[in-house]
Amino acid sequence: MQDNQEQEKSEYDSFILDSNKLLLEKIKIKNVRQGSGNSSFVYLVNDQNELFNYVYPSGSKNAIVVKDEVVKKTIWGYLTGLVLTESGTVYCMGTNDAYKTLCIKDKTNIKEHTPYKVQWFLDRDIKIREIGSGSITNYFISTDNVLYSNGYNSSGQMGTKVHSNIPFPQKIMENVDRVFSSPHAHHTFVTTLDDKVMSFGGNTEGLCGVGNNQQSIFEPQVVPNISGSSVKKMVCSTASVLLFRDGRLFTCGPSSSSGLKANTNTFKPVPGLEDKHMVSIGGGSSVMLAISSENEVYAWKRGVVGVNVDCKLQGNELLVKIRTPQLIKGVPYKICSSPSKFLIIPALYEETSFQNQEFLILLESGKFSDHTLMLNDGKFKIHKSLVEIRTKKSVDEIEEILKQHNEKEIKIFLKWVYTANIENYTTIKEICIKLGLDQFYKNSLFQDLEQLFKEESSKNFKVLVQDEEYDDEDDDEEEDNDDKEEEAFEEIPVHNYILYARSGLFREMFENITNESNSVKDFSGKTIESMEIFIKYLYTNKINLTADDDPQLVAEELSDAVDYYQLNKYSNLPFILKQIN
């Protein structure tokens, strides 16, 4: 076991692909986990969270120090770079210009590769969890899911109806999950916590995908017929490209860039790639790139030539396959974009969704575990029904396969089971293939939990909800009080560990009962109908109403649920209730 833990760490190569020649050049920094760049420079973050200015093609590098911070991500537009740290602080780099995208007050003596703290957020005690950058517009998502932007707004790319350039961040909208733009783009997409896709900015020939050809969209509009949770990534280039989580690739915009037979303002499948399973996409100023699960790399743009073209594809005159013998079979790759170059980086360090992270407490605490995996390197307490629904295998089958792996690999796999976090793709893929889960990335955690919700036979616990028609003043006979009290509650079957993972209130209540207890009483005063909807929400992260449900009543009864049940501060419930009310 000790030998396994002390093995030398694997080193993986990353590559720069020039969008003109379509040639891959090896980056002389190992284990790059994320990167970006502008028209002149490339910035890279390695697996030690160190930030470098990398000079291409010479391969020289210069460390960029963000004092007392751990770098999480860097992103660049044409003019301004952003650096996000683990503390939720944002720094910006670049040179100030007429568009005032460098959002700092003192613009004297600015050094080009020096990060400057964005004090605007600190002054307001706002922490940032995600950043994005368009051509000359910056985007920020706060930890309370608010989207801010600043910079150039000629086509509405800031998402505000104010037709002027704004140097400091402006609040654009609430309820935002992710933001997608590209370092040369004048339009942007966001996904929301109530499962929408929205867009704004330049809409030339339908680039925003909202179903109209309005030249500019200054406030966010809904992209029709697309679920936000189904989206893996979106790219804004001379066409817009959408990668679904199931590997399908769609596009919209000018036919001269999208490869479609005609201009379209709604998303359609990319011709020539309908049967390919894609895993990552990127967009430069004139070329778009996609990688398949087999590490095949495709580029498309009218007139694309390049000296490294393997073949053209039937059905799309813009599409070519690029020769990429440098990519290692079995190692997944992702694309990071800059205006004239692409970074092709091993996708071995994916982040957990902030909403999934709460389930990690089950694995760490072992609370309400009902099975122990007895393996070579130790014992692992798990929740049998959850693990089996996620892996589609029995715990006995799982145990036999995990015996072939060391403790570190088992922990990485179990963390994926509980959170969908891909901490090490190679390890997870190896184990999942042995389990027969070739497409382990297909179902999200909440999709599997929805199936778990339907599995009545494994529910081992009950939430007792007080009957709204019960009145204890009607109890005339003292000896009947115990029986009447039992009749005063209605039962909702549930898995106790789901309550424990998602609700701070239930965690507190469980501290005062034993693992053998099979029920807990809810005195919130909510109706049984609203509580059933709420319990299902804890599994699915969605509110599903039937024709018999009163939307206004449900919204009113659950309006205090986040605070009362002490849900995760990132909960999307308030925004869902706004939509149904």
Side-chain angles (χ1 to χ4, degrees), residues 130 132 134 139 141 145 147 156-157 159 172-182 185-214 217 219-255 257-260 262-271 273-283 288 290 335 353 355 420 439 441-447 450 540-544 572 575-576 578-580:
E130 185 59 280
Y139 305 96
I141 303 177
N145 311 315
L147 175 69
Q157 58 266 52
I172 304 303
M173 60 183 290
E174 299 178 345
N175 188 27
V176 174
D177 184 11
R178 293 170 292 164
V179 60
F180 301 102
S181 193
S182 298
H186 292 268
H187 68 292
T188 297
F189 292 91
V190 298
T191 58
T192 67
L193 292 174
D194 54 353
D195 212 28
K196 292 185 178 69
V197 178
M198 305 185 79
S199 65
F200 49 87
N203 190 39
T204 304
E205 295 177 325
L207 279 171
C208 286
V210 296
N212 67 54
N213 290 321
Q214 182 181 341
I217 297 173
E219 293 183 288
Q221 292 188 17
V222 174
V223 177
N225 305 317
I226 298 176
S227 159
S229 60
S230 70
V231 174
K232 183 175 183 180
K233 187 177 179 181
M234 302 185 79
V235 160
C236 307
S237 184
T238 48
S240 297
V241 185
L242 160 61
L243 175 61
F244 287 100
R245 291 191 188 276
D246 62 9
R248 293 176 297 146
L249 200 60
F250 279 48
T251 186
C252 72
S255 60
S257 298
S258 66
L260 299 170
N263 299 345
T264 177
N265 52 32
T266 57
F267 282 95
K268 307 290 184 185
V270 174
L273 295 178
E274 296 93 338
D275 299 326
K276 296 289 184 180
H277 181 274
M278 312 310 292
V279 295
S280 187
I281 55 175
M288 287 158 287
I335 301 169
S353 164
Q355 292 187 26
Q439 294 184 319
Y441 43 75
K442 190 170 184 181
N443 275 10
S444 72
L445 176 63
F446 284 111
Q447 285 174 320
E450 187 165 1
T540 65
N541 230 35
K542 297 184 293 187
I543 295 291
N544 293 320
N572 63 351
F575 304 106
I576 295 177
K578 281 183 184 179
Q579 299 299 315
I580 68 173

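Keep in mind the model is a prediction, meaning the values are calculated, not measured.
The shortest side-chain heavy-atom distance between Val235 and Phe180 does not fall under the 4.5 Å cut-off. Side-chain contact check for Thr192 versus Asn175: some heavy-atom pair is nearer than 4.5 Å. Between Arg178 and Val190 there is no side-chain heavy-atom pair separated by less than 4.5 Å. Put simply, the side chain of Arg248 does not reach to within 4.5 Å of the side chain of Val270, judged on heavy atoms. Side-chain contact between Phe446 and Thr540: absent, with no pair of heavy atoms (C-beta onward) separated by less than 4.5 Å. The side-chain heavy atoms of Val197 and Met234, taken from C-beta on, include a pair separated by under 4.5 Å. Contact check for Val231 versus Leu243: no side-chain heavy atoms found under the 4.5 Å cut-off.
Taking all atoms of both residues into account, the shortest heavy-atom contact from Cys208 to Val223 is O-CG2, 3.7 Å. For the residue pair Thr266 and Thr264, the shortest heavy atom distance occurs at O-OG1, 3.0 Å. Minimum heavy-atom separation, Gly156 to Phe200: O-CD1, 3.4 Å. Smallest separation of non-hydrogen atoms from Ile335 and Gly282: CG2-CA, 3.7 Å. In this structure, Gly206 and Cys252 approach most closely via the heavy-atom pair O-SG, 3.6 Å. Considering all non-hydrogen atoms of both residues, Ser181 and Gly134 come closest at OG-CA, 3.4 Å.
For the residue pair Ser258 / Thr251, no side-chain donor-acceptor distance below 3.5 Å is found, with atom types taken as modelled. For the residue pair Asn263 and Ser255, a side-chain donor N or O sits within less than 3.5 Å of a side-chain acceptor on the partner. Donor-acceptor pairing under 3.5 Å is recorded for the side chains of Tyr139 and Thr188. There is no side-chain donor-acceptor pair under 3.5 Å between His187 and Ser199.
For the side chain to side chain contact (heavy atoms under 4.5 Å, CB included) test, residues two or more places apart in sequence or in another chain that qualify with Asp195 are Ser227, Ser229. Residues that satisfy the side chain to side chain contact (heavy atoms under 4.5 Å, CB included) test with Gln221, not counting sequence neighbours, are Val210, Asn212, Gln214, Ile217. Listed by chain and number, the residues in a salt bridge (Lys or Arg N to Asp or Glu O under 4.0 Å) with Lys232 amount to none (sequence neighbours excluded). Listed by chain and number, the residues in a side chain to side chain contact (heavy atoms under 4.5 Å, CB included) with Pro271 are Leu260, Glu274, Asn316 (sequence neighbours excluded). Every residue two or more places apart in sequence or in another chain was checked for a ring pair (Phe, Tyr, Trp, His ring centres under 6.0 Å) with His186, and none qualifies. With sequence neighbours excluded, no residue satisfies salt bridge (Lys or Arg N to Asp or Glu O under 4.0 Å) with Lys268.
Looking only at distances, a side-chain donor or acceptor of Ser182 sits under 3.5 Å from a matching main-chain atom of Cys236.
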Leu193 vs Asn145, side chain to side chain contact (heavy atoms under 4.5 Å, CB included): CA-CA, chis, key distance, verdict: CA-CA 8 Å; Leu193 292 174; Asn145 311 315; 3.3 Å; yes
Audit row: Phe250, Ser240, side chain to side chain contact (heavy atoms under 4.5 Å, CB included) steps and yes/no: CA-CA 8 Å; Phe250 279 48; Ser240 297; over 6 Å; no
From CA spacing to verdict: side chain to side chain contact (heavy atoms under 4.5 Å, CB included), Ile141, Val179: CA-CA 8 Å; Ile141 303 177; Val179 60; 3.9 Å; yes
Step-by-step side chain to side chain contact (heavy atoms under 4.5 Å, CB included) determination, Met173 to Glu219: CA-CA 9 Å; Met173 60 183 290; Glu219 293 183 288; over 6 Å; no
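A distance of 10.5 Å separates CG in Leu207 from CG in Asn265, rounded to the nearest 0.5 Å.
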